[in-house]
Enquirer: 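Dropping the structure in here first, questions after.
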Amino acid sequence: MSRPSASLRNAVVWEVLRGGLDERVKSTGRDSLDVLDTGGGTGNFAVPVARLGHRVTVVDPSPNALFALERRAAEAGVAERVRGVQGDAHGLFDVAERGASDVVLFHGVLEYVDDPADALRNAVAALRPEGGVLSLLAAGLGGAVLARALAGHFTEARQALAAPDGRWGEGDPMPRRFTAEQLTGLVADTGLRIAAVHGVRVFADLVPGALVDTEPDALDALARLEAAASELPAFQSVATQLHVLAEVPAADG
């Protein structure tokens, strides 16, 4: 079945991220922030962030993704504010400066790295020590279990539920999945203060696209439902992705 639009699936993350950017602008008194997007690929978030007037450096291991990023940024009229460099999370400081970013986006990275804790420490080390914001997005365990069960693959659903890495079998394309507790634990271990946790794509991946296309105002209603459910732990536990917004704690706190 077809799925609702990509913009709907990213809506919750974007609203939370935009709020974090606005708060950082207020706290620094600077209109333009330095944003590091690790694993940013073709610029799904980098280009919209640049449209807000911020400077974005995208680090990604794929030359093809970086080429597409360059073209996308040019088409959006923000080429001067978006820079793509080839690299990865473990070698982050070969291509990026330590302690120089107001905001770090770490979306879709922890699932693929060999050592999630080490990669996350690098992301946090890229933040300015006097204050900064981390936006972390990773695959959720519950969403995969629910999806396999609804597809009739009950043994695979049970295997994902029991596996330490959350995989449902050898054919699973996702190397690793997380619970909200695992993600927040990893973030807390870096010393950051967790500001918010949201479930992403709680319903969007389960609703047939044809239903959304044919029912009047269904897309807007689904977006409102996603937003309302995203902050509730019961729904975070079955979300396809989990989003954590965290901050460098104040020096006096």
Side-chain angles (χ1 to χ4, degrees), residues 1-17 39 41 44-45 105-113 116-117 119-120 135-188 194-215 217-246:
M1 64 184 176
S2 60
R3 303 293 190 191
S5 68
S7 60
L8 170 62
R9 296 197 295 271
N10 289 333
V12 168
V13 179
W14 175 244
E15 288 304 314
V16 176
L17 174 59
N44 284 340
F45 285 92
L105 312 188
F106 212 59
H107 296 173
V109 177
L110 285 192
E111 301 94 322
Y112 296 97
V113 295
L120 187 57
S135 175
L136 173 64
L137 183 67
L141 171 63
V145 173
L146 183 61
R148 299 316 287 174
L150 290 177
H153 303 300
F154 306 121
T155 299
E156 291 179 349
R158 185 172 179 275
Q159 183 167 336
L161 192 60
D165 54 11
R167 301 183 75 232
W168 47 256
E170 290 299 319
D172 192 339
M174 185 65 67
R176 190 182 292 106
R177 295 184 179 89
F178 300 88
T179 64
E181 291 76 14
Q182 287 170 333
L183 272 190
T184 54
L186 284 168
V187 173
I194 296 168
V197 181
H198 290 82
V200 180
R201 292 156 57 187
V202 176
F203 306 105
D205 287 353
L206 303 175
V207 175
L211 179 62
V212 175
D213 293 339
T214 56
E215 292 293 322
D217 301 321
L219 194 61
D220 287 342
L222 180 55
R224 290 193 293 271
L225 177 61
E226 287 277 354
S230 67
E231 296 186 60
L232 302 176
F235 291 100
Q236 292 169 9
S237 66
V238 293
T240 299
Q241 293 178 307
L242 295 164
H243 182 243
V244 178
L245 193 77

Enquirer: What's the separation between atom CD1 in Ile194 and atom CG in Leu183, rounded to the nearest 0.5 Å?
Expert: 9.0 Å
Enquirer: Nearest 0.5 angstrom please: Glu170 CD to Gln159 CD, how far?
Expert: 8.0 Å
Enquirer: When rounded to the nearest 0.5 angstrom, what distance separates CG in Leu120 from CZ in Phe106?
Expert: 6.0 Å
Enquirer: Using modelled atom types only, decide if a donor and an acceptor are shared between the side chain of Gln236 and the backbone of Ala180 within a distance under 3.5 Å.
Expert: no
Enquirer: How many angstroms lie between atom CZ of Arg224 and atom CG of Asp217, to the nearest 0.5 angstrom?
Expert: 7.5 Å
Enquirer: Look at the side chain of Glu111 and the backbone N and O of Val109, then say whether any donor-acceptor pair between them is shorter than 3.5 Å.
Expert: yes
Enquirer: What pair of heavy atoms forms the shortest contact from Phe235 to Ala229, and how long is it?
Expert: CB-O, 3.5 Å
Enquirer: Under the side chain to side chain contact (heavy atoms under 4.5 Å, CB included) rule, what do Val202 and Val12 come out as? Steps first, then yes or no, please.
Expert: CA-CA 10 Å; Val202 176; Val12 168; over 6 Å; no
Enquirer: State, to 0.1 Å, how close Ala160 and Leu141 come at their nearest heavy-atom pair, and which atoms those are.
Expert: O-CD1, 3.3 Å
Enquirer: Can you tell me which residue pairs pass the salt bridge (charged side-chain N to carboxylate O under 4.0 Å, His left out) test with a partner in residues 156-168, sequence neighbours excluded?
Expert: Arg148-Glu156
Enquirer: Got a second to check how far Leu150's CG is from Asp205's CG, nearest 0.5 Å?
Expert: 11.5 Å
Enquirer: Measuring from atom CG of Leu146 to atom CG of Leu161, what distance do you get when rounded to the nearest 0.5 angstrom?
Expert: 11.5 Å
Enquirer: Would Trp168 and Asp172 count as having a side-chain donor-acceptor pair, cut-off 3.5 Å?
Expert: yes
Enquirer: Given side chains that start at C-beta, do those of Val13 and His107 come closer than 4.5 Å, heavy atoms only?
Expert: yes
Enquirer: How close do Ala149 and Phe154 get, counting heavy atoms only, and between which atoms?
Expert: O-CE2, 3.1 Å
Enquirer: Where do Pro233 and Glu231 come nearest, in terms of heavy atoms and distance?
Expert: CD-O, 3.5 Å
Enquirer: Going by the rule side-chain hydrogen bond (donor to acceptor under 3.5 Å, both in side chains), which residues pair with His243 if we only count those two or more places apart in sequence or in a different chain?
Expert: Ser135
Enquirer: Looking at Ala139 and Arg176, what are the two nearest heavy atoms and their distance?
Expert: CB-O, 4.1 Å
Enquirer: Describe, in one word, how the ring planes of Phe45 and Trp14 are oriented to each other, choosing from parallel (under 30°), tilted (30 to 60°) and perpendicular (over 60°).
Expert: tilted
Enquirer: How about Leu110 and Leu186: do any of their side-chain heavy atoms sit closer than 4.5 Å?
Expert: yes
Enquirer: On a heavy-atom basis, which atom in Thr179 and which in Leu242 lie closest, and how many Å separate them?
Expert: C-CD1, 3.5 Å
